[in-house]
Amino acid sequence: MDKHYDPKAVEAKWYPIWENSGAFKPSGKGRPYSVVIPPPNVTGILHMGHALNDTIQDVLVRWHRMRGDDTLWIPGTDHAGIATQNVVEKALRKEGKRRQDLGREAFVQRVWEWKKQYGGTIVRQLRALGCSCDWSHERFTMDEGLSRAVAQVFTRLYDEGLVYRGNYIVNWCPRCGTALADDEVEHEPNHGHLWYVRYPVVGSAAGVNGEAYKDYIMVATTRPETLPGDTAVAVNPKDERYLHLHGKTVILPLTGREIPVLPDDYVEREFGTGIVKITPAHDPNDFLVGKRHGLAEINIMNGDGTMNDLAGAAYAGLDRFECRERIVNDLESGGFLDHVEDYDNQVGHCYRCHTVVESRLSPQWFVKMKPLAEPALEAVKSGKIAFTPKRYENTYFNWMEGIRDWCISRQIWWGHRIPVYYCECGHEWAAAEKPERCPKCGADASKITQDPDVLDTWFSSWLWPFSTLGWPDSTDDLARYYPTADLCTAPDIIFFWVARMIMAGCKFMGEVPFRNVNFHGVVRDAQGRKMSKSLGNSLDPLEIIGKYSADALRFTLMQTTSPGIDVFISMDKFEIGRNFGTKIWNAARFIQMHAGKIPGFSFAAHSGSNPGDAAGAAPERLSPDDRHILATADAALAAMDAALAGYRFQDAALAVYDFVWSQLCDWYLEVAKRDLYGADDARRAQVVAILADVFGRALRMIHPFMPFVTEEIWHQLGYATSETDSISHAPWPEPMSGELRAALGVTEEIRSYVNARHDLITAGRAVRAGISALKPSDKPAFVVSAKTPEAAIRLKEEAELLAGFLGASSVEILSGEHLSGMPTADTALGTIGLKLSGSIDAEAERKKARDEIAKLEGFLRTVEAKLSNETFLGKAPPAIVAQQKARREELLADLARKRAVLASLS
RNA sequence: GGGCGGGUAGCUCAGCUGGUCAGAGCACCUGGUUUACACCCAGGAUGUCGUGGGUUCGAGCCCCGCCCCGCCCACCA
């Protein structure tokens, strides 16, 4: 193995091998485990949010694959209607063209070309991340198959009366020229104004100047430019100030039109003046008021946000914001403007282009959501689908219970065209296939036109879990892999996507689309801002891969993320992952070096084994450290499995990190050197076998997080038998059986013994650090205090080794009262006392010892108080009381030791 | 306006159903030419766990109030 690990070369090498050998194709054997990727937009490039999302999925998928499940991860992309159309229109604009210049068909053709050329970016980037998707299952939401699914679903909903068309107020983006769904609108705080406008009461006076009216009412509005569309003003029916106005009419300033004053509950008495202007065509609430009172709907605006003729000759053609200024000026000069106040409110913006959204009256298609929501609600309530973290279930319930109809038509060209057809005879129908003739009058295709609108992008993504498996055909994939297992996503698309998929699954499949939804956090920068291109604060995953490696990116993300908690991250954090990769590499080199000295040694023999298998050959020769590392490996595995099962990726990452770094490398590898550099060949072979076992297991445990470096080492060391024999197919480790544990003597006593000795050595190291400046003649002496003879003997052996290593002058076993202590092994092996000699800073050491004694005495007092408290003794569980008693013993022992240290210093 | 999340060492965060729970990594300080690794090893210092009450024998952990930060939802013109 090379001295230095080169992730670039290694990572570039493995992905093609995996892909070409079909390593990520489902095996067809075992329990099915399937996942669909949240399809990124074709226009997208990989950002940190994807990196987190896709790494999580890959960890789950690789884990399940190694556990023998029949694993299928379906990748793909979303056609992203508005976003993609915007990108292509932008490119066209550089050529000085608009989409209208090309015409619909040519434009759509153009988008397809764009998709072919650039749409693969993100898909390539997923490979760089190491995602083990099955690319033979890759889908695109505008694929032939998925398009059929969309048409079929629409037709079915249409025929069942769950789709309807109507003239409604919708959110409208004037820049994109299309309707938007409610959740495609982002509300942001806006520092605006509240204009107070006088509406003269009819019959009070004559004249055109507002001030000339003695009798007027005052209306407060944030949107004066919609004034020409007013068809009434409204007051709260219970508002006593305005009872006299009921049934009166007022004059709409600037227009001279008479409009009625209406009582309506919608009006809040406290807000503004308590009188609201009603503009049914330009405000969702006013629209409803208008419907209740049969008001005219005057649409004064064009689709592009300019005013039309109905706004009046003076304003026609003006942009809406120019028009606002103009109207305010005109109101002022006409004497209608009373005063202006600053006013902060929320204004909706297009989630794609950030233009201020209009409420616009237009004919649109809607889906009735209530009937779809009910089973979907039940699916989560009954536990057929579980959310992690669970609290998102409430968010889901709240939204589903108040669900509103979904506006699915978009006035753009890129997308699934609405499959509704109109015949000249007046017949309207929906059909999955383009019709040859009118089913009613039999007219041929020339008399038939298709609805010009396309469907909301989410109308195809809500079918993703089954459309990608072949629906509406009944395929083997569908039978085997639906429902999918885990859906991983950030909570920001819980309504857009998650809820709708559940509805679609329940409705069209009669079965939930997935069993579990795992919500992870949103990736933010060190300042806590959401990473976005516009802020320029986005870390580029590819840059991180270039600088640190994909493994480093993945590992750092996993050890940083907590369920449902946002991830704050900065560049230097990826050193954690990089360093871990290097650590593993070096450990591998070390093991290989020693294995190379054992004739006929084979790593392959350990590629599927579990700890203990090889060590079992001569259990009587196992050292306490051998037993300890075997037991610790088991504990790490159990911790990791539990964490992954609970979607706690950070816990899983830390479990394996601590095991490999602190337990295996810092401890066992160092201890093993005594034997590895020793003269006993049989013992050396045994240690190498244990290392091969334990390290092979560690590699497999790390693999879901760091697929590349583990694969490389797997091959370099020879665990793999051929280039295509991937670690990703190696069996996931299993814990030792109870029999094996017993046979090998892997007991709790061993763990406490080794821990105690660890303390001894740690203490010894501290001593060395403390005396390093001393002359050679001033050597430390160890005082080992043990509570059982066996422990004392063992500790003496270790201490002697250590003493030789440290150059200590003597090791001394205290006898007498120290040996007559607790009989049980685990409490018997406490930490050691140290006797110091030599010209160390005795004064400082004494002070330290005195401080510690004082501290311990404090603790002891607390414990004593507790143990003499009748209530505590009566109410606390016996185990807790016992614990406190043990604590008292420990404290007493500690105290004795510290006092001994102090005495030795005096 | 409603709902949710967070406020623990200088920084980024762990602390599961109340009883060694005061932790990890980074940064910092001290020491290290021991034959896997300085992307390393050994050792060390650091916190009235946002705040004020309450429940309990016992509270970062449970309850109530308050203060910050962030997110989501919402038709107040």
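Only heavy atoms go into these numbers, but all of them, side chains included; no hydrogens, no water, no symmetry mates. Throughout, a chain's letter reflects where its sequence line sits, starting with A, and its residues are numbered from 1.
Phosphate proximity of B:C40 to A:N579: present, with a side-chain N or O under 4.0 Å from OP1 or OP2.
Among the atoms of the strands shown, none is found under 4.0 Å from any heavy atom of A:V219. Using a 4.0 Å heavy-atom criterion, one finds that A:K277 contacts no nucleic acid atom at all. Using a 4.0 Å heavy-atom criterion, one finds that A:R391 contacts the sugar-phosphate atoms exclusively. At a threshold of 4.0 angstrom between heavy atoms, the contacts of A:K673 include nucleobase atoms, whether or not backbone atoms are also involved.
To the nearest whole angstrom, the two C1' atoms, one in B:G70 and one in B:U46, are 28 Å apart. Taking atom P in both B:C72 and B:A38, one finds a spacing of 46 Å when rounded to whole Å. Comparing the P positions of B:A74 and B:C28 gives a spacing of 48 Å, expressed to the nearest Å. Remark: the separation of the C1' atoms in B:C37 and B:G50 is 42 Å, to the nearest Å. Comparing the same atom, C1', in B:A42 and in B:U34 gives a spacing of 12 Å after rounding to whole Å.
Between the base of B:A36 and the side chain of A:E670 there is a donor-acceptor pair shorter than 3.5 Å.
Note: CH2 (A:W661) to C1' (B:G25) measures 10 Å, nearest angstrom. Here the P atom of nucleotide B:C4 and the NZ atom of A:K390 are 15 Å apart, to the nearest Å.
For the pairing with A:T226, the side chain to side chain donor-acceptor pair (under 3.5 Å) check across A:K277, A:R320, A:H282 returns one residue only, A:K277.
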